[in-house]
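One structure, pasted below without further comment.
In the text below, chain A, chain B and the rest are named by the order of the sequence lines, each starting its count at 1. Hydrogens, waters and symmetry mates are skipped; everything else that's a heavy atom, side chains included, is used.
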2 protein chains.
Amino acid sequence: MSLKTEHIYEGILKKDLVSLAKAMSILESKDHPARLPLVKKIFPTYGRSLRIGISGIPGVGKSTLIEKLGLKFIDSGLSVAVLTTDPASPVSGGSILGDRTRMPELSANKNAFIRCSSGYQGHGGLSRHAKELMLACDAADFDRVIVETIGVGQSEYDLAALVDIFIVLAMPGSGDELQGIKKGIYELADIIAITKADGDLLEVAKTAKLQHDNVISFMPSVGRRKKKVLLLSSRSGLGMDELVTEIDFFLTDAKKQTTFAARRNKQIEEWIKQEIHSQIEFRINQLLRSKGLLTEAYKKTLSKELNPLEAAAEIVNELIKTNL
Amino acid sequence: MSLKTEHIYEGILKKDLVSLAKAMSILESKDHPARLPLVKKIFPTYGRSLRIGISGIPGVGKSTLIEKLGLKFIDSGLSVAVLTTDPASPVSGGSILGDRTRMPELSANKNAFIRCSSGYQGHGGLSRHAKELMLACDAADFDRVIVETIGVGQSEYDLAALVDIFIVLAMPGSGDELQGIKKGIYELADIIAITKADGDLLEVAKTAKLQHDNVISFMPSVGRRKKKVLLLSSRSGLGMDELVTEIDFFLTDAKKQTTFAARRNKQIEEWIKQEIHSQIEFRINQLLRSKGLLTEAYKKTLSKELNPLEAAAEIVNELIKTNL
């Protein structure tokens, strides 16, 4: 480990936010030489922080909630790290309407750390290196780590598997439906919070809550606390205290149960598997670029001499023959 | 190719919908013996159908739009295939509030074919084998293939790369924002349709359209037709004819341009690459299961003798040494 990395490592342990930010850049890079040494150093702290996952569609009010939740934790004497993503443009690589200051008060608080990763590197808005980033938060000994993901899809399953409590935000839509809620989510979520429950929408939100309470009453709780549906309003403050209380209850309760440790161990297994695939993927992409195998196969496919599955199989055989 | 597969193949060519459904099940399976022979047979028809991608968050009105759009195409003498996903439960494997009959009129029409894949197999709601399913539609000579994906995330980038025209649905949210629209999407979308533009929301929708027209006026069109923002209402019918006209214009225009062919060729290259990775991934997963390598590494990681990156690197070396 270089002197510089050693310095960063020492900084993390002292909760120095500049060092932590530098460490995260190293951890998110594909091939930074300090990546492996740094993980090696900090891995013994794995799992120290409690992790809260928050998911929901754009516009549902995630940033507002995270800011308020973070400040509430800080008020009660806890330190808070937030891992969020900024879905950058896939074409130009930059963002058009930059919104890195979505949590102005929390950003300014010395007991908070906010990391905004580029969303495109992972699936559906979760950083590809979310696990490493959470590990860095463990090393810096944050009491709470809030991880945000947008959207409906793979990222929600990924995030749910990584956190100790998973909160899904949804808002009352037109009619009875809750926008942004899909079936599978009911099984993943520990808490479903119906946002914007104020003004004209309050009554609709109440009806939606009843319906969703009903759906949830039929679901098994699989060794975890019973699922909850809450009403939230960032305008009136409705539900905020209840949410904090529920999170505390859940986490305290969860830690006593064997499911908590089992879940964390399962995360390590997944981490190893994903890392195997990503190391091999990296290697293959390098080989494909250097060997020109793809050009040949591509030409044969354009002329319809081969189909894409055959072309791929030919290349795979070639790669295996030459020891990858 | 078995007699049964031969029979399915003949069926597809005659646009027999039962054969087509069977073929798609084979194409979506991981290791069905008929998968490769079938792709080989039908690959020469690649690219025959025109592909329309439709994306948007749950509740924005995708199904309603697809049904209306599909019926309009059929009215003008075209045949329509729809590829959609049903985000199944990741825990129980089944869906809770089954909604396979979201397009009742279109489902009943003999010139339409609707395929609903399980969303969890792919990322963010796009079937992992979307390319193969589209190929089957080419073979059955459908004039239009409508591919739907939910959510905000990777699936939108994936889908945009696979289709000839990409339509994003969004609805006016609270305030000026458009719900479900994230920055990157502006660059991917050919048409942004603001749904539910009726009743109380009509004025908000109109304001949103003006704002989005403004954003789009600053964007390069990158060799494609200029992007469009439309207002839609399934209740009043507003915008439906305009949308069909825009799609027709776009596709007619696109076919004349070199970008159309370039885009399709690019899709083949991506297809080969993805297939290489998925064949290797499949192989690795098999080896990991059979060799017990993971158990050993996992134990060492739990005891913190190794970290997940080291554990993965050890296994990768082992796999490569033994020719994968």
- Task: Please answer whether the main-chain N or O of A:G56 pairs with a side-chain N or O of A:K62 as donor and acceptor at a distance below 3.5 Å.
- Result: yes
- Message: Under a 4.0 Å threshold between the charged nitrogen and the carboxylate oxygen, would A:E275 count as salt-bridged to A:K131?
- Response: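 Answer for the salt bridge query: no.
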- Query: Of the backbone (N, CA, C, O) and the side chain (C-beta and beyond), which part of A:E310 lies under 4.5 Å from a heavy atom of chain B, both, or neither?
  - Reply: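 Its backbone and side chain both get close to chain B.
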- Message: Just so I know, are the side chains of A:N265 and B:Y298 near enough to count as touching, which here means a heavy-atom distance under 4.5 Å?
- Response: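 Yes; the side chains approach each other to less than 4.5 Å.
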- Query: Among B:L288, B:L135, B:I268, who wins on heavy-atom pairs under 4.5 Å with chain A?
  - Reply: B:I268
- Hey, which of B:P308, B:A311, B:A313, B:S278 has the most heavy atom pairs under 4.5 Å with chain A?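 If we count pairs closer than 4.5 Å to chain A, B:P308 comes out on top.
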- Query: Got B:L319 and A:I280 here, is their nearest side-chain heavy-atom distance under 4.5 Å?
  - Reply: yes
- Relative to chain B, which segment of A:I272 carries a heavy atom at a distance below 4.5 Å: side chain, backbone, both, or neither? both
- Query: Which distance, rounded to the nearest 0.5 Å, do you find between the OG1 of A:T195 and the CG of A:L201?
  - Reply: 9.0 Å
- Item | Largest heavy-atom contact set with chain A, pairs under 4.5 Å, which of B:E132, B:R264, B:Q279 | B:Q279
- Query: Got a donor-acceptor contact below 3.5 angstrom from the A:K304 side chain to the B:P44 backbone?
  - Reply: yes
- Item | Interface moiety of A:I42 toward chain B, non-hydrogen atoms closer than 4.5 Å |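 Answer is neither: A:I42 stays 4.5 Å or more from chain B.
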- Item | Interface moiety of A:L309 toward chain B, non-hydrogen atoms closer than 4.5 Å |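 Both parts, backbone and side chain.
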- Message: So for A:Q274, is it side chain, backbone, both, or neither that comes closer than 4.5 Å to the heavy atoms of chain B?
- Response: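 Neither part.
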